[in-house]
Every structure is written in C-alpha cells, then in structure tokens.
Chemist: 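Here it is, the structure, as structure tokens.
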Amino acid sequence: QVQLAESGGGLVQAGGSLRLSCAASGSTFDFNIMGWYRQTPGKQRELVANTRSGGNTNYADSVKGRFTISRDNAKNTVYLQMNSLKPEDTGVYYCAAWRRLASGSLVNYWGQGTQVTVSS
C-alpha cells in the first residue's frame with residue numbers, strides 16, 4: 001500500500017527557514033498532483049502549495065514569495081522550501097498526493113503530518 005512520510009519539521013525562529021520532504025513508498029507510479037496542507041487548531045485545513053506532474057504550481061496567497069514547492073519524480077518525493085517564516089506559519093503540515101486511474105477516478109493519499117513551530 002502507498003504511504004507518504006513527511007520529515008523536516010521543527011522549531012525555528014521567525015525569519016528562519018525549513019525544508020519539508022515527503023517521500024512516497026509502496027508505489028512505482030507518478031502522482032498527478034502532490035502538495036502540502038497545514039492545520040492549526042481553530043482553523044480549517046488549508047492548501048499551502050501543490051504541483052502537477054506537468055510542472056505548474058499553486059500557492060496560498062499568504063506564502064507566495066516565501067515558499068517554494070518542488071518535485072523529484074524519479075524518487076516520488078515532494079519538497080517544500082519555507083523561507084522568511086512567520087509565527088502564523090505554525091501548524092501541522094501534511095503531504096498529499098493524487099493519482100488518476102485509467103477509469104478517470106482520482107485516488108488520494110495523505111501523510112501523517114509534521115509539526116512546524118515558528119517562534120517570535
């Protein structure tokens with residue numbers, strides 16, 4: 001079965017940087033979409049960034065210019081480079097991936113999350 005494993009979270013001061021990684025295991029296929037979401041108590045889960053297999057990307061307005069998403073398709077890995085971190089970036093970051101079947105249906109996978117804490 002497919003598993004997504006996030007790593008790279010931690011505690012960092014405001015203005016610092018972190019790079020998150022998400023490695024897919026148990027599969028030999030490429031995902032059509034891979035991305036990152038984050039969750040904070042009291043807020044709904046929000047999209048941070050995603051990227052399609054063709055290379056186009058989407059970012060939340062709050063992270064544009066600071067975060068960069070990238071993929072290594074050969075390794076089934078997606079990265080999130082986070083620069084100029086702010087306290088409001090604090091949350092649990094989840095890796096997500098989608099794969100389209102021959103039938104046209106999309107299959108969705110989620111990681112367990114990694115904690116990012118940004119101190120003032």
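Positions are given from 1 along the sequence.
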Chemist: Under a 4.5 Å cut-off applied to non-hydrogen side-chain atoms, are Thr68 and Tyr59 in contact?
Modeler: yes
Chemist: Could you tell me which non-hydrogen atom of Met34 sits nearest to which non-hydrogen atom of Asn76, and how far apart they are?
Modeler: CE-O, 4.4 Å
Chemist: So, the side chain of Thr77 versus the backbone of Asp72: is there a donor-acceptor pair under 3.5 Å, distance only?
Modeler: no
Chemist: Has Thr57 got a side-chain atom pairing as donor or acceptor with Thr51's backbone, closer than 3.5 angstrom?
Modeler: no
Chemist: Quick check against the 3.5 Å criterion: does Ser120 have a side-chain atom that pairs as donor or acceptor with the backbone of Pro87?
Modeler: no
Chemist: Apply side chain to side chain contact (heavy atoms under 4.5 Å, CB included) to residues Trp110 and Cys95 and explain how you reach the verdict.
Modeler: CA-CA 6 Å; Trp110 291 90; Cys95 179; over 6 Å; no
Chemist: Could you tell me whether the side chain of Arg38 reaches within less than 4.5 Å of the side chain of Val63, counting heavy atoms only?
Modeler: yes
Chemist: Is there a continuous path of hydrophobic side-chain contacts, each under 4.5 Å between heavy atoms, that joins Val2 to Val107?
Modeler: yes
Chemist: Grouping I, L, V, M, F, W and Y whenever their side-chain heavy atoms are under 4.5 Å apart, do Leu11 and Leu20 come out in a common cluster?
Modeler: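 Different hydrophobic clusters.
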Chemist: Closest heavy-atom contact between Ala49 and Leu80?
Modeler: CB-CD1, 4.3 Å
Chemist: Quick one: does any side-chain atom of Glu6 pair with a main-chain N or O of Gln112 as donor and acceptor, under 3.5 Å?
Modeler: yes
Chemist: Can you name the closest pair of heavy atoms from Ala24 and Leu4 and give their distance?
Modeler: CB-CD2, 3.6 Å
Chemist: Using the rule that Ile, Leu, Val, Met, Phe, Trp and Tyr join whenever any side-chain heavy atoms are under 4.5 Å apart, tell me whether Tyr37 and Leu18 fall into a single cluster.
Modeler: no
Chemist: First locate atom CG of Asn58, then atom CD1 of Ile69, and finally report the distance between them rounded to the nearest 0.5 Å.
Modeler: 9.5 Å
Chemist: Nearest 0.5 Å please: distance from the CD atom of Gln3 over to the SG atom of Cys22.
Modeler: 11.0 Å
Chemist: With under 30° as parallel and over 60° as perpendicular, where do the rings of Tyr93 and Phe67 fit, or are they tilted in between?
Modeler: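 Tyr93 and Phe67: tilted rings.
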Chemist: Before giving the answer on side chain to side chain contact (heavy atoms under 4.5 Å, CB included), spell out for Val78 and Phe31 the whole-Å C-alpha distance, their side-chain angles and the decisive distance to 0.1 Å.
Modeler: CA-CA 10 Å; Val78 63; Phe31 295 103; over 6 Å; no
Chemist: At their closest point, which heavy atom of Arg66 faces which heavy atom of Leu85, and how far apart are they?
Modeler: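 Of all heavy-atom pairs spanning Arg66 and Leu85, the closest is NH1-CA, 3.9 Å.
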Chemist: Is there a donor-acceptor contact under 3.5 Å from the side chain of Asn32 to the main chain of Ser53?
Modeler: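 Not at all, since once roles are kept as given, no pair shorter than 3.5 Å links the two residues.
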Chemist: Tell me, do Ser119 and Val12 make a side-chain contact under 4.5 Å, heavy atoms counted?
Modeler: no
Chemist: Tell me whether Leu101 shares a hydrophobic cluster with Ile33, the cluster being built from Ile, Leu, Val, Met, Phe, Trp, Tyr side chains joined at under 4.5 Å.
Modeler: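 No, because Leu101 and Ile33 fall into different hydrophobic clusters, even though each may have its own neighbours under 4.5 Å.
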Chemist: I'd like to know whether Lys86 forms a side chain to side chain contact (heavy atoms under 4.5 Å, CB included) with Val118, so could you lay out the CA-CA distance, the side-chain angles of the two residues, the decisive distance to 0.1 Å, and finally the verdict.
Modeler: CA-CA 6 Å; Lys86 304 175 181 179; Val118 184; 5.5 Å; no
Chemist: Specify the closest pair of heavy atoms between Ser17 and Gln81, including all atoms of both residues, with the distance to one decimal.
Modeler: CB-NE2, 4.0 Å
Chemist: Hydrophobic clusters here meaning ILVMFWY residues chained together by side-chain heavy-atom distances under 4.5 Å, can you tell me if Val48 and Tyr79 are in one?
Modeler: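 No; tracing contacts between hydrophobic side chains, which count when under 4.5 Å, never links both residues.
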Chemist: Who pairs with Arg52 by side-chain hydrogen bond (donor to acceptor under 3.5 Å, both in side chains), at least two apart in sequence or on another chain?
Modeler: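 With neighbours one apart ignored, the set is empty.
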Chemist: I need the minimum non-hydrogen distance between Gln39 and Tyr94, along with the two atoms involved.
Modeler: CB-CE1, 3.8 Å
Chemist: State whether the number of non-hydrogen atoms from other residues, nucleotides or ligands found under 6.0 Å of Glu88 atom CD is greater than 12.
Modeler: yes
Chemist: Answer yes if the ring centres of Trp98 and Tyr109 are under 6.0 angstrom apart, and no otherwise.
Modeler: no
Chemist: Report the C-alpha distance between Asp61 and Lys64 in whole Å, list the side-chain angles of each, state the deciding distance to 0.1 Å, and finish with yes or no for salt bridge (Lys or Arg N to Asp or Glu O under 4.0 Å).
Modeler: CA-CA 5 Å; Asp61 288 340; Lys64 287 181 179 177; 3.1 Å; yes
